[in-house]
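Quick note on labels: first sequence line is chain A, next is B, and so on, each numbered from 1.
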There are 2 protein chains.
Amino acid sequence: MDRRQRRTRSLIFTAFSALLERKSYTAMTVQDIIDEADIGRSTFYAHFETKDELLKALCNDIFDHVFSAEIMSEEKHDFSHHSSFRDRITHILYHLQEKQQSIRGLFNGECGEIFLRYLKEYLCQVFNEHITIKDDVPHDYALDLAVSSFAETVRWWLKGHSDYTPEQMTAYFFRCISIL
Amino acid sequence: MDRRQRRTRSLIFTAFSALLERKSYTAMTVQDIIDEADIGRSTFYAHFETKDELLKALCNDIFDHVFSAEIMSEEKHDFSHHSSFRDRITHILYHLQEKQQSIRGLFNGECGEIFLRYLKEYLCQVFNEHITIKDDVPHDYALDLAVSSFAETVRWWLKGHSDYTPEQMTAYFFRCISIL
DNA sequence: TCAATACCGAACACCTTGTTCTGTAATAAT
DNA sequence: ATTATTACAGAACAAGGTGTTCGGTATTGA
């Protein structure tokens with residue numbers, strides 16, 4: 001990848017993240033982004049077809065870091081059979097905390113909806129085998145609720161309560177959910 | 001209120017709800033709404049300053065029905081000291097089910113974010129005193145998680161699983177959350 | 001019957017979008 | 001170091017949405 005491309009892409013991401021903390025996603029125009037990034041109009045469209053694609057790309061960047069890092073360290077340390085589900089959850093929280101700066105704005109307004117949808121897709125894979133099967137509750141529902149609750153936990157944590165440690169948040173979460 | 005105003009307002013609401021099932025909120029333009037409702041442009045703006053105000057008004061209409069009806073019947077039957085928290089939850093589900101038609105579209109995309117935020121505000125009042133206080137979990141967090149989980153339960157229920165009864169959903173919900 | 005007012009429809013100035021173009025400068029490879 | 005490639009800037013553009021205004025019509029409630 002050309003050095004200029006990397007630079008421009010980074011400028012756009014940074015500008016976008018910064019703008020999200022001041023302005024709602026819907027209200028934000030492409031004009032705002034290219035003004036903030038100080039790049040030409042055609043340059044933006046050379047990188048991203050639309051504002052939604054930009055959001056998607058940013059989300060993927062974050063999730064690649066959080067989840068592929070998780071899997072990597074899992075393989076590296078051969079956690080797959082040693083670490084508990086609780087540890088994996090704590091692990092994910094650590095990685096999310098590292099990306100805190102980029103993530104915080106993503107919770108706001110309408111793009112929070114999109115970000116959380118993507119997040120839940122990844123979480124489904126992690127949670128799927130760890131739901132305690134109860135015959136009196138539909139598995140679909142239990143999984144959906146567990147994943148959504150964890151996503152909400154992350155949101156609550158990173159929006160104003162990031163002084164708690166990942167270990168603490170994991171403990172709180174498991175304390176409140178009775179199907180894990 | 002003038003009969004013509006009621007008619008127009010109703011036309012707008014109906015058109016808006018119908019459109020939400022086919023089109024995302026963000027992609028929807030005021031032009032789409034007035035075409036669907038078959039009213040003049042200036043007429044729309046005489047009723048609502050913006051698309052967001054329309055959404056807000058629709059949400060308020062729904063919540064007024066769901067929660068004020070709940071409170072009313074509570075007062076009428078003097079449920080306040082007799083009915084359990086579980087019954088109140090079931091009750092709310094019944095009222096939400098009645099408004100199912102209008103609500104379904106509201107879960108989609110970005111306006112789902114807004115609708116759920118409003119819903120959670122109301123739910124906070126209902127849930128606040130019924131959270132089991134645990135010293136090892138922040139009360140803020142427990143309340144937020146319970147409310148969000150219930151909101152997610154409603155979403156899951158009304159989006160493709162509305163064959164379950166309110167009583168069943170209440171049971172499932174309480175089965176999964178250990179702080180109520 | 002009549003005054004009030006809600007609606008219509010057209011026009012408007014303004015903004016955002018996404019595309020296209022030309023010229024310039026940075027890049028990577030030979 | 002030279003050269004071909006390619007990313008960028010910047011301007012212009014048509015198309016479409018926004019929110020407002022205004023004069024005319026029709027409905028309403030008293």
Rounded to the nearest angstrom, tell me the gap between atom [atom1] in [X] and atom [atom2] in [N].
X: A:Tyr45; N: D:dA12; atom1: OH; atom2: P; result: 18 Å
X: A:Met1; N: C:dA26; atom1: CE; atom2: P; result: 19 Å
X: B:Phe44; N: D:dT20; atom1: CZ; atom2: C1'; result: 14 Å
X: B:Gln31; N: C:dC8; atom1: CD; atom2: C1'; result: 14 Å
X: A:Asp38; N: D:dG10; atom1: CG; atom2: C1'; result: 12 Å
X: B:Leu11; N: C:dC8; atom1: CG; atom2: C1'; result: 14 Å
X: A:Ile34; N: D:dA9; atom1: CD1; atom2: C1'; result: 11 Å
X: B:Met28; N: D:dG16; atom1: CE; atom2: C1'; result: 17 Å

For [N], does either OP1 or OP2 sit under 4.0 Å from a side-chain N or O belonging to [X]?
X: A:Thr43; N: D:dA7; result: no
X: A:His47; N: D:dC8; result: yes
X: B:Gln5; N: C:dA6; result: yes
X: B:Thr8; N: C:dC7; result: yes

Candidate pair A:Glu152 and B:Tyr141, rule side-chain hydrogen bond (donor to acceptor under 3.5 Å, both in side chains), full reasoning: CA-CA 10 Å; A:Glu152 181 60 27; B:Tyr141 171 69; over 6 Å; no
Report yes or no: is there a donor-acceptor pair, N or O only, under 3.5 Å between the side chain of [X] and the base of [N]?
X: B:Arg3; N: D:dG29; value: no
X: A:Ser42; N: D:dG10; value: yes
X: B:Arg4; N: D:dT27; value: yes
X: A:Arg41; N: C:dG18; value: yes

May I ask you to decide whether [X] forms a salt bridge with [Y], counting only side-chain N to carboxylate O separations under 4.0 Å?
X: A:Lys134; Y: A:Asp136; value: no
X: A:Glu129; Y: A:Arg88; value: no
X: B:Glu113; Y: B:Arg117; value: yes
X: B:Lys23; Y: B:Glu36; value: no

5' precedence on DNA chain D between B:Lys51 and B:Arg6 (nearest-nucleotide basis):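 So the residue in question is B:Lys51.
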Nucleotide nearest A:Asp2 (side chain, heavy atoms from C-beta), chosen from D:dA9, C:dA28, D:dT18: C:dA28
